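Report on one structure; see the data block that follows.
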Amino acid sequence: MTVILPILIPLATAAASLLAWRSRTAQRWMGVAGATALLVAGVALLDSVRRQGIRVMQIGDWPAPFGISFVADVFASIMVVLAGLIGATVALYSTATVDRRRESYGYYPLQQVLLMGVCGAFLTGDIFNLYVWFEVMLIASFVLLALGGEHQQVEGAFKYVTLNLMSSVLFLAGVGLLYGTAGTLNLADLSLKLSHSEHSGLSVTLAVLLLVAFGIKAAVFPLFFWLPASYHTPPAAVSALFAGLLTKVGVYALVRVFTLLFVQDTGYTHSLILVLSGLTMVTGVLGAAAHDDFRRILSFHIVSQIGYMILGLGLFTPLALAGTVFYIAHHIVVKTNLFLISGVVSHLAGTGLLKQLGGFYADRFVLGILFLVPALSLAGVPPLSGFFAKLALVMAGLEVERYTIVAVALLVSLLTLFSMMKIWTQVFWKPAPPQEPPGTNPSWSAPGLWVPIVLLATITLFIGLTPQWLFDFCREAGNELANPTLYRQAVLGAVR
């Protein structure tokens, strides 16, 4: 039951929120309570996995591969914990920032449905059900993106859903071809049958097809243009939730299938991923350097940082995979916090354009410090969490003598620092522009606004000052990912 709780909790919370449709206050605090319960369930699941090994639940007691499997290994459990953390902080932030009009359209139930889809994708042991959970996420995220009906939002939502629907079509085609090839959809059974398959060319073709499908969802080069065109358009709470979780589900899917299913020709498939990681890093950071809008810059940095996450997958060693998991965890916390801070800045100044901002450090120096913590961590400045995440990937690259991609990763870190300092100097350090900012809404001094930002900044500092505990988790995850036999044995029993 522990395995499926992270799916049942947001489902029950969404249903309860719908029953409390007339009470916005009840919906707000149900959302916070439900996401907090999800966080607790995720922590309990991670503890259970570490003590007892990979946990498996077969729905209806049908044995794998005939029934529906839910599987929690260390990697999936870490991702569920992070989903709960981000869900709880964004839900609390939403109580102080989301307007009543959006609340009246079902904002809080939709947020819970999105969390349910995210956790379902992390825990499913069936590739068709992975497609189903992606569609649950797509529907909820599209409505959240367009909620409010503003022109900019609708335009961004159209770009978002169009490319993601293309991804879904490619994904479904890949699922059909996999079933036709192997006669199963269970991930563990697919792993076993593909490892014994004599059709290596077909496996590589399917691998590339799913690389494109998941690459769109993860915003990998050259398939990322939907992200910076859409993530800056909704309210900051929605952007933060998307930035923290949605692309990471795409990265999770890439890591899962390219460590479990497609390992027959790593010289081709994983070298291709390595090239894409470098191009994703470079194009994302150059886009950030070229733009002058706070949230657009942060959106391009999501793209750039995705390159680091798939770098470890391309290197494909236990250390590199551990570095990928560490990087995902660091980035989810940091990027969510940066979007929350951008929401505060945009509200107080009435704009997100850097040239129209300034003077925030003089008037609100605490906000400036809170920005510097995730910003410098994103750039990899020691002793913050981003430094250790990048250090693990650099060490893994040097270990297998991939010097070019290591050099690219270090160069992109410098450019990331440049664009973060551009935000710092324009928003916080330079004098305020002559026009008076709009009056501050009293709700923006509420604890619901500041507690999530302070909490996430504290977590970033804590990881940076004591990285070993998190890296121990990530090393366990990396070792499991590098040894797919462990996953197969947990789901199927003795490997047949």
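These numbers were taken from a predicted model, which means no experiment stands behind them.
When all heavy atoms of Phe214 and Leu130 are compared, the pair lying nearest together is CZ-CD2, 4.0 Å. Minimum interatomic distance between Gln112 and Pro10 (heavy atoms only, all atoms of both residues): O-CB, 3.3 Å. Among all heavy-atom pairs drawn from Thr181 and Leu206, the shortest one is OG1-CD1, 4.0 Å.
Geometrically, Lys390 does not engage Tyr327 in a cation-pi contact defined by less than 6.0 Å to the ring centre and at most 45° from the axis.
Side-chain contact between Arg475 and Leu319: present, with at least one pair of heavy atoms (C-beta onward) separated by less than 4.5 Å.
Checked by atom type and distance alone, the side chain of Asp73 pairs as donor or acceptor with a backbone atom of Ala76 at under 3.5 Å. Under the 3.5 Å distance criterion, the side-chain polar atoms of Ser168 are matched with a main-chain donor or acceptor of Asn164. A donor-acceptor distance shorter than 3.5 angstrom exists from the side chain of Gln264 to the backbone of Leu194, with no hydrogens or angles considered. In this structure, the side chain of Ser419 engages the main chain of Thr416 through a donor-acceptor pair within 3.5 Å. The backbone N or O of Val333 lies less than 3.5 Å from no partner atom in the side chain of Asn337, so there is not a single donor-acceptor pair. Here the side chain of Ser377 pairs no donor or acceptor atom with the backbone of Pro374 at under 3.5 angstrom. Without hydrogens or angle criteria, Ser239 side chain to Tyr231 main chain gives a donor-acceptor distance under 3.5 Å.
Looking at Ser69 and Gln58, their side chains do bring a donor and an acceptor atom within 3.5 Å of each other.
Here the CG atom belonging to Leu123 is positioned 11.0 Å from the CE atom belonging to Met57, to the nearest 0.5 angstrom. Rounding to the nearest 0.5 Å places OG1 of Thr247 at 14.0 Å from CD1 of Ile216. Atoms CD1 and CG, on Ile332 and Leu456 in that order, are 11.5 Å from each other to the nearest 0.5 Å.
The only option from Val71, Val491, Val74 that meets the side-chain contact (heavy atoms from CB on, under 4.5 Å) definition with Ile54 turns out to be Val71.
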Show every donor-acceptor pair shorter than 3.5 Å between a side-chain atom in residues 282-291 and any protein atom, with sequence neighbours excluded, or say none if there are none.
from, atom 1, to, atom 2, distance (Å)
Thr283, OG1, Leu279, O, 2.7
Thr283, OG1, Thr280, O, 3.4
His291, ND1, Gly287, O, 2.8

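A salt bridge between Asp472 and Arg50 is absent, with no side-chain N of the basic residue lying under 4.0 Å from a carboxylate O of the acidic one.
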